[in-house]
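See structure below.
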Amino acid sequence: LTAGGGGNDVQWCFSQVKGAIDDDVAEADIISTVEFNHSGELLATGDKGGRVVIFQQETENKSQPQCRSEYNVYSTFQSHEPEFDYLKSLEIEEKINKIRWLPQKNAAQFLLSTNDKTIKLWKISERDKRPEGYNLKEEDGRYRDAATITTLRVPVFRPMDLMVEASPRRVFANAHTYHINSISVNSDNETYLSADDLRINLWHLEITDRSFNIVDIKPANMEELTEVITAAEFHPHQCNTFVYSSSKGTIRLCDMRASALCDKHSKLFEEPEDPSNRSFFSEIISSISDVKFSHNGRYMMTRDYLSVKIWDLNMENRPVETYQVHEYLRSKLCSLYENDCIFDKFECCWNGNDSVVMTGSYNNFFRMLDRTQRRDVTLEASRESCKPRQVLKPRRVCAGGKRKKDEISVDSLDFNKKILHTAWHPQENIIAVATTNNLYIFQEKVN
Amino acid sequence: MINTMECAVDAQSLISISLRKIHNSRTQRGGIKLHKNLLVSYVLRNARQVYMNEKYAEIYRMQQYEEVMTVCNEIQELNPLELVEDCEEQTGDCCGSATESASLCGALLPVSHQAPSAQHIQPSSACSVPLALQSEEVCKAQEPSFYRSCCAEAYPVSSCDFSPVNSMHCNKTTVLDLDTHVVTTVENGYLHQDCCASLQQCCQGAQSPAKKRKLDFGYYVSEIEEVPDFTPCKRAKFEDSSYACTEPLDTSNISNLISIFGSGFSGLVSRQADLEQALNGQFCSKQALASLGAWTRAIVAF
């Protein structure tokens with residue numbers, strides 16, 4: 001396999017890494033979600049401590065074309081705090097499960113961030129001027145004694161250092177009994193959905209005190225529960241269409257025009273199980289951890305524990321492409337069950353023109369799967385490959401037998417170093433890869 | 001058919017690992033993770049399926065052995081000197097093949113000689129095989145051979161010094177449905193009629209009406225006042241000590257865990273056909289399945 005991640009033999013090189021260097025990882029710093037905005041200018045991360053950090057791409061330096069534009073911290077704010085549900089005696093984690101950007105409509109940026117129970121709409125705006133010359137207060141805000149005012153003046157705006165402010169504009173709370181796993185903004189730019197284990201709700205971005213329940217798979221008798229919702233997403237162009245994946249490895253496509261409650265799917269995507277592969281853990285590894293539409297809206301991609309599948313929306317009975325992410329783990333499922341790694345939820349993402357998909361693995365490896373050239377490569381996000389513009393070398397895992405030079409054996413993999421969250425710039429070959437507490441940015445090598 | 005070849009641990013260990021996960025999920029931050037617990041319950045079901053298949057295969061072999069021995073004994077009366085050797089050979093065929101079955105045979109044969117304290121096996125640890133525990137609770141009045149074989153094989157139990165098992169039966173559990181806010185009180189019922197005794201007697205033993213459990217995923221409240229004398233048992237030693245619970249588990253909660261092994265999580269019983277075939281279409285496939293899925297109720301109940 002030759003090096004290459006994007007189409008046309010793209011070589012990936014290191015650009016930046018964000019986050020603490022030391023190995024002692026504070027739990028609050030564990031990155032839990034990564035998302036580019038629609039232009040790719042902004043890159044948001046959420047962490048376990050409820051914080052959101054937004055990076056902004058600097059405008060390109062024309063005099064130095066080799067030095068690709070860098071992402072620098074633009075705004076940091078505390079999105080969610082830990083809460084306590086007194087009725088149920090449950091602590092609600094502040095961990096940010098998902099961030100989704102709204103398309104930009106004016107000068108300000110908007111994003112939705114969610115923890116297990118509450119979704120918030122944040123407005124991120126710039127302030128580069130401030131009013132000065134008030135009559136009734138001093139510059140520091142203290143009120144002046146009215147008796148001392150002898151003249152009047154008109155306050156004016158004066159330039160100031162750029163300040164980026166994040167303010168919560170809406171809080172969408174108390175609509176989910178179970179843990180929220182997904183949010184997705186509709187192409188109509190007015191509504192969005194939020195999904196938990198058993199239900200999906202439809203919201204209007206302006207209205208916080210009510211939402212419509214559009215999917216409810218909770219059985220009347222909980223004893224009969226066999227599957228939960230694991231991810232949901234709106235179609236990128238059809239505002240009436242959305243999909244949701246389940247723990248049983250199925251994906252349902254629903255049309256909101258059909259009925260108010262979309263319990264009855266329009267399409268059911270399911271691949272029959274291979275009976276020869278049946279093991280104790282068959283159900284776990286078939287559970288879908290992520291579902292993403294392609295940008296063109298014709299395909300969708302699902303990620304389960306060992307593979308990535310591409311589905312054509314017009315064919316329900318099997319995927320059109322299946323890629324093995326780390327098949328060498330199939331014989332290790334028992335250990336991975338014991339140490340809980342088998343429950344890791346890997347995400348996946350498309351590149352801008354839907355020709356390449358990317359997903360993470362263990363040992364800080366991530367996989368680029370080229371659909372058009374039918375090639376795949378394994379790369380590593382490591383502090384050792386951190387020299388500026390250093391080209392990433394493909395990595396290989398030796399499943400068994402004699403280990404070749406430069407290969408790493410399965411038993412040497414570090415299962416604590418997992419890449420669950422990755423994001424691809426919507427237009428350029430720039431990728432953001434989150435290790436446990438670091439964010440790596442890689443770019444296409446420019447010759 | 002589940003391929004167990006690639007699994008490093010056996011079904012029994014998987015059951016104990018899974019139970020421990022379910023138990024630990026109660027104290028994890030953020031509340032019970034429905035998805036994860038559902039997946040764990042699938043592993044439990046699969047492990048139990050394999051475990052029961054192995055057990056029934058053993059029993060079948062043991063029955064064959066007993067028949068052979070009976071025949072041997074009858075023939076022995078005719079010619080004691082010649083035929084003993086034949087019988088021993090056949091015994092070897094039955095039981096000598098697997099080391100596990102050897103202990104099983106050993107446990108089954110001199111049933112009457114078993115120490116009576118084995119009856120009071122306290123399910124103090126979630127690591128214990130629930131199969132044995134269920135049978136222990138209900139079957140002590142019935143044929144002891146089967147359950148004791150389970151228990152004997154599961155772990156060499158040290159004698160436990162605490163109040164009799166009876167006190168365990170009185171647990172009441174109160175469940176609150178998160179959505180409807182309906183509160184349901186459920187009493188511990190004799191619902192674990194599976195695995196008991198021999199094929200026919202198991203079903204007949206299930207005379208007490210199964211109190212339909214209205215447990216729900218959500219908040220699980222247990223009243224522990226009925227278990228006043230609960231002192232933690234010396235933790236039963238496992239063959240695989242690595243799987244033994246390392247922290248002292250709240251015994252009342254464990255008994256609650258056990259107490260909900262009753263009615264079915266029938267949704268997981270979609271493979272009922274497979275299981276029935278695996279059990280040779282035998283008896284309490286329904287009851288077996290009912291308690292099979294009971295582990296999932298554990299999640300629910302938590």
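What you are looking at is a predicted structure, and each value in this text was computed from that prediction instead of being measured. Keep in mind that the numbers below use all heavy atoms, side chains included, and drop hydrogens, waters and symmetry copies. Below, read A as the first sequence line, B as the second, and so on, with proteins coming before strands; counting in each chain starts at 1.
With a threshold of 4.5 angstrom between heavy atoms, A:D340 approaches chain B through its backbone and through its side chain. With a threshold of 4.5 angstrom between heavy atoms, A:I284 approaches chain B through its backbone and through its side chain. Residue contact with chain B, scored on non-hydrogen atoms closer than 4.5 Å, is absent for A:S335.
Side-chain atoms of B:L34 and A:H179, non-hydrogen and from C-beta on, never get closer than 4.5 Å to each other. With a 4.5 Å cut-off on side-chain heavy atoms, A:Y337 and B:V40 count as touching. Taking the side chain as every heavy atom from C-beta outward, B:K21 and A:F343 approach each other to under 4.5 Å. You'll find the side chain of A:E338 reaches within 4.5 Å of the side chain of B:V9, heavy atoms only. Taking the side chain as every heavy atom from C-beta outward, A:E283 and B:V43 never approach each other to under 4.5 Å.
Neither side chain, A:S247 nor B:Y42, offers a donor N or O lying under 3.5 Å from an acceptor on the other.
Between B:L14 atom CG and A:C334 atom SG the span is 5.0 Å, to the nearest 0.5 Å. The distance from the CG atom of A:N339 to the CD1 atom of B:I17 is 10.5 Å, given to the nearest 0.5 Å. For the atom pair NZ (B:K36) and OG (A:S287), the distance works out to 13.0 Å, reported to the nearest 0.5 Å. The OG atom of A:S286 sits 8.0 Å away from atom CG of B:L39, with the distance rounded to the nearest 0.5 Å.
In terms of heavy atoms, B:G31 sits closest to A:L90 at CA-CD2, 3.6 Å. The minimum heavy-atom distance linking A:D116 with B:G30 is given by the pair OD2-O, 4.4 Å.
Not counting sequence neighbours, the partners of A:E91 by the salt bridge (charged side-chain N to carboxylate O under 4.0 Å, His left out) test are B:R29. Applying the salt bridge (charged side-chain N to carboxylate O under 4.0 Å, His left out) rule to A:E233 yields no partners; only residues at least two apart in sequence or on another chain are considered.
Open room surrounds OH on A:Y86; 12 or fewer heavy atoms of other groups in view lie less than 6.0 Å from it. Few gaps surround CG on A:D85; more than 12 heavy atoms of other groups in view lie less than 6.0 Å from it. A 6.0 Å sphere centred on CD of A:E27 holds no more than 12 heavy atoms belonging to other residues, nucleotides or ligands.
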